Amino acid sequence: MMSFAIITGLFILGIWFSETKPRIMGRQPVPTEFNENKSKRKDFKNQRKEYIKNMHRAHPDVDWVKMDAESRKIRTDKVRKLREELSLSRDDGLLNNQFEQISRDLSGVWNERGSNNLSGRIRTSEIDWENELIYCASSGGNIWRGSLEGENWTSLNDYMQITGITMLRVVYFENTRRLLIGSGEHFYYTDDDGVTLEESTGLEFLSGYGSLKRSVVRENDNEIFLLVNEGSGSWNEVAAIYQSIDFGQSFTKILTLDYSAGLSSSQGSGHFDIWTPRYFDGDVYLLNDNDFYRVTENDGLEFVGVIPASDIGDNLLTGGMGTNYPFFYAHVNGRIYHSQNGGSTWIDKGNSPQWYFSINSFNSSNINRENIYWGGMESFRSTNSGSNWTLVNNWWDYYGSEETKLHADIPEIRFFLDSEYNEVALIGTDGGLYFSDDGLQTVQNLSMSGLGVSQYYSTYTKKTEPFHLYAGAQDQGFQRSLYPEDEVLNFEQSISGDYGHLVSGDGGETIWCNYPGFTMYYPNPLTNTGGETIDFPGSGHLWLAPLMADPYDGTKAYLGGGGLSGGNHLFHLSMGGWSLSYEEESYSFNGTVSAMAFSPLEPEHRYVLTSGGSFYHSSDDGINWQKTIGFNGPSSHYFYGSTIWASENTPEKLIIGGSGYSNSPVYISYNHGASFEPLNDGLPNTLVYKLTGTPNDQYFFAATEVGPYVYISDDDNWSDLSGISAPDQTYWTVEYIPELNTARFATYGRGIWDFVLELNSEISGDVNFDEMVNIQDIILLVNFVLGIEEPTSPQLSAGDINGDDFLNIQDIIATINIILYR
């Protein structure tokens with residue numbers, strides 16, 4: 001099979017001598033996802049989603065989504081309470097870099113590290129012209145506020161993630177300025193820019209078996225209409241419309257879109273869409289496959305016209321206001337239809353220019369009935385109502401022209417009118433937010449500084465000074481930040497695409513990493529624009545297959561995967577001369593390899609986990625393998641995308657983690673994996689993506705679906721490490737850097753965050769953790785002793801001065817003595 005490097009080299013030469021030359025910095029190889037037929041790129045994206053979904057394996061009777069939501073709510077409720085208490089007790093409000101007391105002996109500070117300049121996916125946006133502000137929502141579930149120029153970006157809800165946001169809207173009524181937030185499973189509102197978030201009532205079904213497709217606000221009365229699914233799965237989906245007449249505080253169903261509304265069948269929301277004009281008085285309209293309706297004043301449906309569609313499903317609706325009538329564009333199963341007379345008659349405009357990225361990727365001008373826009377992998381515009389399409393820019397044009405060219409993947413194109421009816425657009429991409437005031441003829445990147453929404457799979461920090469930081473991102477490629485300082489860092493992207501499992505056998509002098517479909521080796525990651533690559537050999541690998549450094553040779557690594565002729569093998573990769581080569585190991589495991597590791601104390605000892613939860617150990621550098629007997633019961637059937645960490649201090653000791661919804665998320669072994677016991681006290685049932693530990697085994701760190709956790713050996717349990725400063729996110733990876741005394745976490749939507757440990761820093765008697773002992777601590781101790789308030793574990797530790805594991809009058813007296821005789 002011709003190697004990926006040769007194929008991409010020929011591809012680049014072919015384009016280079018064509019009329020449209022790709023301007024890719026450093027002549028980096030074109031990503032696999034582009035080499036595939038464009039129609040298959042959506043399948044590529046779906047493989048990513050399926051990979052992430054499958055990582056959360058659980059017993060069929062277990063609802064892992066609900067379990068994570070409950071675990072996250074417990075955390076966020078606690079954090080919100082702490083933030084409120086801190087806000088009341090401090091004049092300077094809530095600050096970043098807040099000192100966090102995790103336990104008696106563990107404290108530290110969270111520091112955001114970036115990326116400052118390479119943003120991730122922006123799902124939707126809003127402009128508040130009156131206050132000259134932009135709001136946008138990231139894929140990580142954060143709402144950001146910045147200026148019209150893209151400056152002074154601030155995350156408004158780090159304390160509470162809201163995933164799947166599809167609508168932001170600022171409304172004014174009476175003396176209130178309200179921000180509305182619509183997502184797939186919730187509807188929220190805030191009157192104080194996110195300091196407090198309130199959830200609307202009447203939509204409780206959404207977080208169970210339902211979903212929200214579209215949210216619109218009628219201009220003349222600010223009434224809100226939602227198109228939702230009631231039920232899940234094609235067998236019981238029924239679309240419905242809900243309405244709020246109190247600016248989002250509560251919702252009531254006004255229409256079930258089935259026979260009772262006069263429709264010919266009962267269908268899910270994929271066969272419907274709703275629209276109402278943004279800046280003009282108007283009605284709410286409903287698209288149902290090839291039928292078009294108006295929602296009446298008495299909550300009924302009035303038939304308007306028929307769309308000449310020969311097929312049905314996959315419905316999207318957009319439009320604007322013309323001189324006499326509203327105009328509409330409908331997307332029905334891959335084709336676009338246009339009406340200039342309020343929906344009475346429609347013209348077939350042909351196939352869409354590409355697959356669409358999200359429901360917000362298809363939009364028109366608010367006032368010009370000829371201007372329509374489309375977003376898929378790339379963005380397209382038409383000035384003749386879809387008869388012809390113009391590509392805004394090729395996906396590769398972004399590289400080297402990040403400020404003025406759109407990044408690939410377009411979740412939203414949305415148009416806004418100012419008070420003088422000048423129209424501008426905001427374009428959400430997988431590389432941040434863009435602005436245009438000329439119908440996308442030109443664009444300007446608004447996310448070049450401070451919009452910290454990067455989505456990371458993996459990081460690797462060089463083991464010696466100056467501790468260069470390398471990262472693998474979702475759709476923002478392999479990145480590096482050289483000579484990092486104590487600040488939010490800028491990163492350089494050396495190659496596009498998705499990269500993960502960064503490993504090194506020589507402390508970061510060279511780097512190995514995986515892209516879905518190939519492995520890449522950087523001989524010099526400081527300067528290489530693209531590394532040497534080799535396609536995954538054979539078949540049966542995970543979408544983002546695991547990698548392990550060779551403990552003896554930095555120019556070699558191990559790929560966990562399938563096989564050349566079936567089976568589940570390891571491949572020994574080698575860099576030699578000018579190319580990479582591989583050798584298939586002979587042993588075939590009983591399932592897909594999901595994690596690999598070796599003992600740093602005894603590197604001949606190797607470990608493998610499979611997607612079925614089986615564990616294997618080799619004591620001879622992987623020549624022979626022994627499967628752990630008895631560790632193949634129900635509890636281990638649900639591992640996937642697993643992680644292994646071997647102790648740097650104690651021979652034979654290791655911990656493993658994975659999907660923990662039907663079993664413990666983490667297990668520990670003291671005999672090279674011959675036997676395991678659960679290690680889950682204090683850890684919620686969730687998915688553990690990555691484990692690491694300190695060199696002395698004092699602390700283990702876990703990057704999980706619901707946040708960062710630390711296992712404290714002296715306490716023999718896990719503790720939530722987030723405090724009040726760390727963002728509520730999915731934490732995908734973690735590494736411990738002893739020289740920096742830092743646990744470095746990377747999130748899937750809020751960039752990289754460091755927890756810098758301050759060991760043994762507890763001040764006896766300082767129960768409010770303001771780094772001093774005073775009357776405020778006495779008041780808190782009295783409240784604890786009287787049972788008015790319940791102390792946290794760190795507060796109990798700091799206040800228990802006599803060490804009897806109780807807070808009582810003796811501790812109050814001892815604290816008074818500390819104040820008097822300090």
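Computation of the quantities below employed the complete heavy-atom set of this structure, encompassing side-chain atoms and omitting hydrogens, waters and symmetry-equivalent molecules. Computed from a predicted model, the values in this text were never measured in an experiment.
With values rounded to the nearest 0.5 angstrom, Leu133 atom CG is found 10.5 Å from Leu179 atom CG. Expressed to the nearest 0.5 Å, how far CH2 of Trp355 lies from CH2 of Trp374 amounts to 10.5 Å.
A side chain to side chain contact (heavy atoms under 4.5 Å, CB included) with Asn117 holds for exactly one of Asn490, Leu451, Val488; it is Asn490. Screening Ile134, Thr124, Asn445, Val453 for a side chain to side chain contact (heavy atoms under 4.5 Å, CB included) involving Leu433 leaves a single residue, Ile134. Screening Leu469, Leu489, Thr747 for a side chain to side chain contact (heavy atoms under 4.5 Å, CB included) with Ile752, the sole residue that qualifies is Leu469. Put simply, the residue from Trp110, Trp753, Tyr709 that forms a ring-ring contact (aromatic ring centres under 6.0 Å, His included) with Phe745 is Trp110.
Under the 3.5 Å distance criterion, with hydrogens and angles disregarded, a donor-acceptor pair is assigned to the side chains of Ser436 and Asp438. A donor atom on one side chain and an acceptor atom on the other are not found under 3.5 Å apart for Ser115 and Gln479. Side-chain contact, Ser358 with Asn360: no donor N or O sits under 3.5 Å from an acceptor N or O.
Residues Ser125 and Glu412 share a closest heavy-atom pair of N-OE1, 2.9 Å. Contact detail for Ser481 and Pro484: the closest heavy-atom pair is O-CD, 3.8 Å. In terms of heavy-atom proximity, Thr519 sits nearest to Trp512 at CG2-CE3, 3.8 Å. Summarising the geometry of Thr461 relative to Arg744, their closest heavy-atom pair is OG1-NH1, 2.8 Å, with the distance given to 0.1 Å. Gly500 and Tyr457 get closest at one heavy-atom pair: CA-CB, 4.0 Å. Across all non-hydrogen atoms, the minimal contact from Ser496 to Tyr399 is CB-OH, 2.5 Å.
Ring-centre distance between Phe598 and Tyr558: not below the 6.0 Å cut-off.
Take Glu126 and apply the salt bridge (charged side-chain N to carboxylate O under 4.0 Å, His left out) test, not counting sequence neighbours, and it matches Arg278.
The side-chain heavy atoms of Ile102 and Tyr699, taken from C-beta on, include no pair separated by under 4.5 Å. Side-chain atoms of Gln161 and Gln729, non-hydrogen and from C-beta on, do get closer than 4.5 Å to each other. For the pair Thr429 and Tyr398, the minimum side-chain heavy-atom distance is 4.5 Å or more. Looking at Tyr434 and Thr442, their side chains never come closer than 4.5 Å, going by heavy atoms from C-beta outward. Counting only heavy atoms from C-beta outward, the side chains of Glu402 and His407 never approach each other to under 4.5 Å. For the pair Phe478/Tyr522, a side-chain contact is recorded, criterion being any heavy-atom separation below 4.5 Å from C-beta on. Using a 4.5 Å cut-off on side-chain heavy atoms (C-beta onward), Pro708 and Val734 make no contact.
Within 6.0 Å of the CG atom in Asn524, the count of heavy atoms belonging to other residues, nucleotides or ligands exceeds 12. Residue-environment remark: CD (Glu487) exceeds the threshold of 12 foreign heavy atoms within 6.0 Å. In Glu132, the CD atom is not crowded: 12 or fewer heavy atoms of neighbouring residues, nucleotides or ligands sit closer than 6.0 Å.
Aromatic ring orientation, Tyr748 versus Trp732: tilted (interplanar angle from 30° to 60°). Tyr582 and Phe571 have perpendicular rings, their planes meeting at more than 60° on a 0 to 90° scale where under 30° would count as parallel. Ring planes of Phe701 and Tyr736: parallel class, angle under 30° (limits at 30 and 60°).
Looking only at distances, no side-chain donor or acceptor of Thr733 sits under 3.5 Å from a matching main-chain atom of Lys690. Put simply, the side chain of Asn394 never gets that close to the backbone of Asp397: no donor and acceptor are under 3.5 Å apart.
A salt bridge links Glu112 with Arg750: at least one charged nitrogen is closer than 4.0 Å to a carboxylate oxygen.
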